[in-house]
Amino acid sequence: MLQVQFIRDNKDRVIRGLEKRNFGEEASEMVEEVLRLDEERRAVQTKLDNTLASSNKLSKEIGNLFKSGDHQKANELKAQTSELKLEAKTLGDELNKASDALTDLLYRIPNIPHDTVPPGTSDEDNEEVFRHGDIPQLDDDALPHWELAKKYDLIDFDLGSKITGAGFPVYKGKGARLQRALINYFLDKNREAGYFEYFLPYFVNEASGLGTGQLPDKEGQMYHIEKDDLYVIPTGEVPMINCYRDTIVNEDELPVKATTHTPCFRREAGSYGAHVRGLNRLHQFEKVEIIQITKPENSYEALDEMITHVKGILNELKLPYRILQLCGGDLGFTSAITFDFEVFSTAQDRWLEISSVSNCEDYQSNRLKLRYRNSDGKMTLCHALNGSSLAIPRVLAGILENYQDKDGIRIPEVLVPYTGFDRIS
RNA sequence: GGAGGAAUGGCAGAGUGGUCGAAUGCGGCGGUCUUGAAAACCGUUGAGGGUCACACCUCCGGGGGUUCGAAUCCCUCUUCCUCCGCCA
């Protein structure tokens, strides 16, 4: 969430930011309400503090009186404290009410978009900023990946439906091995680039969901295990960044660079139609994630580094891709700036999102209480960045479709050491 | 699942009703000494709220309670350790 102090100091900027996210009239209403609640909270806090101060002072006197044996005087003072206690109770309730209301509101205010974020209301308004790779000329009878998966018995969607439900595919034989190869290849690339590898829990508690911003905003998108009150992770980012919740990192540990492979579980309520066919949209899919935690002044450099890193992997895989900068309307809740990578799915004749690299600046860190002490000795919120490197199923789909020929599918050269085969036929 | 024990500052570890935001040691930072470093010695060193700055307030795993007053007593939850059972 945004820092109240920041909103106080940058009221207009916050309102403009929310307007870029198409909040309209609500933008200034929300900001005004934050300022009002904050003022209320501080006023009540001051009153409460004064009451407690009086009460503390009295208690100390009473203690001294008992010690000196003046019980009568002590009992007189005791009588006075009950009134203060009552007052403190009332003020305490008031304070909780005000600060809860403030927190609830702050949770509903998304991050402020970076100045370069283009205006817009939907993914149609995202701006292409980079494109690389040739789109292969395929035969007329080229197949979409779900047909290829069936033809070569790589992925069985029906079997997944039988044992679990739609959106839970079963990978088989060379399909399973190709997926495993991609995971290992991505992890190795990340590790070589300095990312520290984690293997993490797939369930997180409520505090973690709040920390990274899935809660309360996207509650309906996560699977929730009610009996144990645990959430099934929608991305490895959630457990990985939450390793750093309530942490003060040493300045010389920054930047933190970390990577992990996890399955991701998403309810995807409301999805339908051709866009969810095959591997395009799943309830369970594998992803390799990278994060960085940096000093504020270095986070945009880190963002560039992450983008360059993902580009490097796609170049090696020789897949045609483009990079989009997300517009205000399509930007994630916690993100200040996001670049989506899309691979061209030749047989479907459409672009598939395979990575999303974001700088959350200090929005997440504020919820997480992720700080470091800067060189002036001042406690400062870190900046947090995350990106996919990469989402497996759509890369897999891209490989199947782009690398198909008349009687099989070639395996990209860099993957052959990982798959142990160079062709599916 | 059953029986016990424990949770305190970056770490270790004292503290069983007031003078405790908390001894002591280590670590960190600053200084003295030294050509420099080490050692030794001196000083300093938790977080949040609040304030122009102070004052002041909150925090000893989380929540609730008793009391004029709680790190300390009670209830509850969580986590960790030991033993038993079960188990990949």
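The figures here come from the full heavy-atom set of this structure, side chains too, leaving out hydrogens, waters and symmetry mates. Note on naming: letters A, B, ... go to the chains in the order of the sequence lines (proteins, then strands), and numbering restarts at 1 for each one.
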Strictly by modelled atom types, are [X] and [Y] linked by a side-chain donor-acceptor pair under 3.5 Å?
X: A:Asn242; Y: A:Glu237; value: no
X: A:Thr51; Y: A:Glu87; value: yes
X: A:Glu268; Y: A:His283; value: no
X: A:Thr116; Y: A:Gln325; value: yes
X: A:Asn111; Y: A:Glu361; value: no

Determine the interatomic distance between [atom1] on [N] and the same-named atom on [M]; round to the nearest Å.
N: B:rG9; M: B:rC83; atom1: P; result: 26 Å
N: B:rA23; M: B:rC60; atom1: P; result: 16 Å
N: B:rU34; M: B:rG49; atom1: P; result: 45 Å
N: B:rC11; M: B:rG46; atom1: P; result: 14 Å
N: B:rU16; M: B:rU66; atom1: C1'; result: 16 Å
N: B:rU45; M: B:rG10; atom1: P; result: 15 Å
N: B:rG27; M: B:rU78; atom1: P; result: 39 Å
N: B:rG21; M: B:rA14; atom1: C1'; result: 15 Å

Between the protein and nucleotides 66-76 of chain B, are there any N/O to N/O pairs under 3.5 Å, and if so, what are the atom names and distances?
residue	atom	partner	partner atom	Å
B:rC68	O2'	A:Ser59	OG	3.0
B:rG69	O4'	A:Ser59	OG	3.4

Rounding to an integer number of Å, can you tell me how far [X] [atom1] sits from [N] [atom2]?
X: A:Tyr372; N: B:rA47; atom1: OH; atom2: C1'; result: 18 Å
X: A:Asp229; N: B:rU79; atom1: CG; atom2: P; result: 12 Å
X: A:Gln3; N: B:rG50; atom1: CD; atom2: P; result: 12 Å
X: A:Asp246; N: B:rU78; atom1: CG; atom2: C1'; result: 15 Å
X: A:Ile248; N: B:rU45; atom1: CD1; atom2: C1'; result: 13 Å
X: A:Asn250; N: B:rG10; atom1: CG; atom2: C1'; result: 8 Å
X: A:Arg41; N: B:rG50; atom1: CZ; atom2: C1'; result: 9 Å
X: A:Asn96; N: B:rG49; atom1: CG; atom2: P; result: 17 Å

**Request:** Taking only Lys NZ, Arg NE, NH1 and NH2, and the carboxylate oxygens of Asp or Glu, determine whether A:Glu251 and A:Lys295 approach each other closer than 4.0 Å.
**Result:** yes

So which nucleotide does [N] pair with, by the Watson-Crick or G-U wobble rule with both distances under 3.5 Å?
N: B:rA7; result: B:rU78
N: B:rC86; result: none
N: B:rU32; result: B:rA40
N: B:rA71; result: none
N: B:rG27; result: B:rU45

**Asked** Going through the distances and angles, do A:Ser208 and A:Arg245 end up as a side chain to side chain donor-acceptor pair (under 3.5 Å)?
**Response** CA-CA 8 Å; A:Ser208 294; A:Arg245 172 153 50 85; 2.8 Å; yes

**Prompt:** Does the A:Asp38 side chain pair with the main chain of A:Val34, one donor and one acceptor, at a distance under 3.5 Å?
**Reply:**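 Not at all, since once roles are kept as given, no pair shorter than 3.5 Å links the two residues.
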
I want to check one thing: is the phosphate of [N], taken as OP1 and OP2, less than 4.0 Å away from some side-chain N or O of [X]?
X: A:Arg373; N: B:rG10; answer: no
X: A:Arg371; N: B:rG48; answer: yes
X: A:Asn56; N: B:rC57; answer: yes

**Prompt:** What's the closest nucleotide to the A:Arg42 side chain, out of B:rA47, B:rU51, B:rC57?
**Reply:**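 Within the option list, the nearest is B:rU51.
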
**Asked** If you find the nucleotide of RNA chain B closest to A:Met379 and the one closest to A:Asn50, which residue's nucleotide is nearer the 5' end?
**Response** A:Met379

**Message:** I want to know whether A:Phe186 and A:His261 have ring centres closer than 6.0 Å.
**Reply:** no

